[in-house]
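Below is one structure, written out as structure tokens; comments come after it.
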Protein chains: 2
Amino acid sequence: MVLPMKRATIKDVAALAGVSSSAVSRSFGDGTHVSKATRRKVLAAAETLGYRPNALARSLVGARTGLVALVVGRLRSPFDSLFVDALAESLIGVGKHLLLSPVRGDQRADDGLMRALDYQVDAVVVAAGTMSPEVADRFARMGVPLILSGRVVDGAGIDCVLADNAGGAAKAAELLLRTGCKRIAYIGRGHGAFSDDERRRGLRDTLRRLGLDIVAEARAAVDREDGHPLGMELLSGPDRPNGIFCMNDALAVGVIEAARDLGLRLPEDLAVVGFDDIPLAAAGSYQLTTVAYPIQPTVAAIVETLEDRLAGADWPSRVIRIPTRLVVRGTTRRLERAVGTRTEG
Amino acid sequence: MVLPMKRATIKDVAALAGVSSSAVSRSFGDGTHVSKATRRKVLAAAETLGYRPNALARSLVGARTGLVALVVGRLRSPFDSLFVDALAESLIGVGKHLLLSPVRGDQRADDGLMRALDYQVDAVVVAAGTMSPEVADRFARMGVPLILSGRVVDGAGIDCVLADNAGGAAKAAELLLRTGCKRIAYIGRGHGAFSDDERRRGLRDTLRRLGLDIVAEARAAVDREDGHPLGMELLSGPDRPNGIFCMNDALAVGVIEAARDLGLRLPEDLAVVGFDDIPLAAAGSYQLTTVAYPIQPTVAAIVETLEDRLAGADWPSRVIRIPTRLVVRGTTRRLERAVGTRTEG
DNA sequence: TCAAGCACTGCAAACGTTACCAATTCTGTT
DNA sequence: AACAGAATTGGTAACGTTTGCAGTGCTTGA
């Protein structure tokens, strides 16, 4: 085995180029205060030695680390993984790197947040878990921006980016009503989950405005595997709903399968609307009508907020709602051509 | 806005506890060379100040950073995201953190690898992209372990962890033959993709041993969206295959949809076998027979290898094959009870 | 009582980098 | 030719931590 070679440092480069280490440092910076000639020499020497600045040592003297932590739960929904992917990619674009800080179950995000702090991250994006006020306060005091994805926490001065859940749910409700559904049910996560709550409320408020209400609710689920039994339960009761709005597409897919198992025809006997627009929703076997929650704008808003904060913006706090878009496919009857919605499939 | 507070350092703790910074450092280390009384004082002071050691400063003096980079492509397959998730979680378990280094398309992984090096990562797991020998050599010289997931590179002394692709493909082939398929096709990625190649070869070798051969091949695809058109193409030709082995489940799902669009009955007219066993394969709508590539053992092998290397193991290189398991579901005819395979659904 | 040994403690150097400051060289103007 | 000012350069301190070394006080055995 070859002897592990020590990594070239700024001093090695300085020695080879015949200049001071300051000159080397400056050559790798914004290029000011170095003559072209020196810079060329330095870069050549660095190339020879295979030198690359140590990002960690850099951060010690006050520079940013370039690390951004993402506190995230289990990546079981395709939406989550697309989100992680898009965020990581987007961050590379602004010279930052994603440090993954997974938390499990409904456990507090605090552990993940504190771990992130040990690495002097420039900012943290929280997409899962609940956060104690103490930890949030700590981040505020230390000047580390905290961005909440998919949830709003009032008062703590934390920036939040999330879907226009109520608006999306309203669109879903209107579509269901338009296509003639009268008995509309909701399936969601329950237990005070934030997006779930907003979506359920959005559905309910829209129905009530028209003198209706949610006829049935099922909860404590978030996965396709969970959608199936809940769908079975809801659909084999006496007052079977003829329209179901699901908190997300994964659940909706489970419900579709349950409906099929029961011999129901979609959309004739049952209309289903999901939320997110995961790739599977467009699959031939499901053709799920859904409220699309576009990932790119979400990630863009997060990265932008993050950069604003790091640039020193100090407005109190910002809640960005990402507009949703109704995508009508096969699981809702097409009674009329909907206005302002996209139709595909 | 509250003035950003400086983070407490070891000196602040030392001052408050009335001891030297060495004592503080030692109190946070393995606990040797500190009296119980001192340690208690230090820990109390640290608690008061909310002190946590700076992981980055630590790494400057030679300690490990605790960072492990994962070079990964677009997380479009559920398999990929489950892998990332499991790896991140597993690393937390051994006190390490995942730094995501995404690369796009078929671009070289070199960029991602070099970026990782800037952060003094303890090791790198490469799951996507191709690697130049120069970069691999550089890692070797610097003593940073490199672990390849899903591919084997000979000679470079790099540890590799991947599925027993040939064995899995052979199982798929045998199952297809056993259920009476004679015209068997393959759909994969092509362009010399490693796993694709091994799986195709595994299928072909098994067929040839029985005097048959692959009757048709389609390639340049890896997604469910890609599976559909390829399936259409393959299934509407003159000599329609009655069995298709797909490089992964996502493709297989696309193929199933194509078959349905063409009015073919599964498994009577067409048998389909996938690879990976993503959650969707078990879904009611697909019931896909597949070669399961278990994620937990894969991740465990990676983490174990990584720890061995970091502990100084210097055997030349190690290729770990993760055994696969045939999961028989609805997309293959059940002619007989298969021996040594699991049946579900 | 004394020496030897031990447990504990603090000092200071080192890690790789940046930024301030002072010193030097260059450029252009009179 | 002399000077002001700008551009460039090197020296040095600082960032937060660990660690080797040397010192301190305490215990123990003779």
Side-chain angles (χ1 to χ4, degrees), chain A residues 4-43 45-46 49-67 117-122 142-144, chain B residues 4-43 45-46 49-67 117-122 142-144:
Chain A
M5 207 184 60
K6 250 180 55 79
R7 208 187 149 91
T9 75
I10 206 170
K11 280 196 190 126
D12 303 324
V13 178
L16 180 60
V19 297
S20 73
S21 41
S22 313
V24 177
S25 175
R26 284 190 275 255
S27 300
F28 276 90
D30 53 7
T32 50
H33 297 276
V34 219
S35 69
K36 284 207 192 292
T38 306
R39 186 169 214 197
R40 204 162 348 102
K41 263 192 305 183
V42 167
L43 261 29
L49 263 39
Y51 167 79
R52 303 193 110 216
N54 179 333
L56 269 32
R58 231 173 207 178
S59 81
L60 203 53
V61 258
R64 297 248 157 82
T65 53
L67 294 173
L117 225 38
D118 293 347
Y119 283 91
Q120 320 296 116
V121 294
D122 294 343
M142 307 225 326
V144 178
Chain B
M5 206 183 62
K6 250 177 56 75
R7 210 189 148 91
T9 75
I10 205 171
K11 279 192 190 130
D12 303 323
V13 178
L16 180 61
V19 297
S20 72
S21 40
S22 317
V24 178
S25 174
R26 284 191 270 255
S27 299
F28 276 90
D30 54 6
T32 49
H33 296 274
V34 220
S35 70
K36 283 208 193 292
T38 306
R39 186 169 214 198
R40 205 161 347 100
K41 264 191 304 182
V42 167
L43 261 29
L49 264 38
Y51 167 78
R52 303 193 109 214
N54 179 333
L56 269 30
R58 228 173 210 176
S59 80
L60 247 196
V61 257
R64 295 247 159 83
T65 54
L67 294 174
L117 224 40
D118 294 346
Y119 283 90
Q120 320 296 117
V121 294
D122 294 343
M142 307 225 325
V144 177

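All values reported here derive from a predicted model rather than from experimental measurement. Throughout, a chain's letter reflects where its sequence line sits, starting with A, and its residues are numbered from 1.
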Counting only side-chain nitrogens and oxygens, does A:K6 get under 4.0 Å of the OP1 or OP2 atom of C:dG16? yes
Kindly determine whether B:L56 and A:L60 satisfy side-chain contact (heavy atoms from CB on, under 4.5 Å), including the steps that lead there. CA-CA 8 Å; B:L56 269 30; A:L60 203 53; 5.7 Å; no
Counting C-beta onward and ignoring hydrogens, is there a side-chain heavy-atom pair between B:L117 and A:R52 closer than 4.5 Å? no
Take the protein atom CZ of A:R40 and the nucleotide atom P of D:dT9, then report the distance between them rounded to whole Å. 12 Å
Atom CZ of B:R39 to atom P of C:dT9: distance rounded to whole Å? 12 Å
Choosing from C:dG16, C:dC8, C:dG10, which nucleotide comes nearest the side chain of B:H33? C:dC8
How many Å lie between CD on A:Q120 and C1' on D:dG16, as a whole number? 9 Å
Please tell me which of B:A57 and B:A23 maps to the more 5' nucleotide of DNA chain C, matching each residue to the nucleotide holding its nearest heavy atom. B:A23
Spatial distance of atom NE2 (B:H33) from atom OG (B:S25) [nearest 0.5 Å]: 12.5 Å
Which part of the nucleic acid, if any, lies within contact of B:S59, taking any heavy atom under 4.0 Å across all strands shown: a base, the sugar-phosphate backbone alone, or nothing? nothing
5' precedence on DNA chain C between B:G18 and B:G62 (nearest-nucleotide basis): B:G18
Along nucleotides 19-26 of chain D, 5' to 3', which nucleotides get a B, which get an S, and which get a -, given that the test is a protein heavy-atom distance under 4.0 Å? BB------
B:L56 atom CG is separated from D:dG16 atom C1', nearest whole Å, by 10 Å
Given D:dT17, D:dT8, C:dG16, the nucleotide with the shortest approach to the side chain of A:N54: C:dG16
Beyond-backbone contact of B:R26 with B:T38, side-chain heavy atoms, under 4.5 angstrom: no
The reported gap from OG in B:S22 to CD1 in B:I10 (rounded to nearest 0.5 angstrom) is 8.0 Å
Figure out the CG/C1' separation between A:L60 and D:dA13, and round it to whole Å. 13 Å
Taking the side chain from A:T65 and the backbone from A:Q120, do they hold a donor-acceptor pair closer than 3.5 Å? yes
If the cut-off is 4.0 Å, is B:Y119 near the phosphate of C:dG16, judged by side-chain N/O to OP1 or OP2? no
To the nearest Å, give me how far apart CD1 (A:I10) and P (D:dT12) are. 16 Å
Taking CZ from B:R64 and C1' from D:dT18, how many angstroms apart are they, rounded to a whole number? 15 Å
Under 4.0 Å from OP1 or OP2 of C:dT9: is there any side-chain N or O of B:S35 that close? yes
Look up atom OG in B:S27 and atom CZ in B:R40, then write down how far apart they are to the nearest 0.5 Å. 11.0 Å
Between B:K41 (NZ) and C:dC8 (P), how many Å, whole number? 13 Å
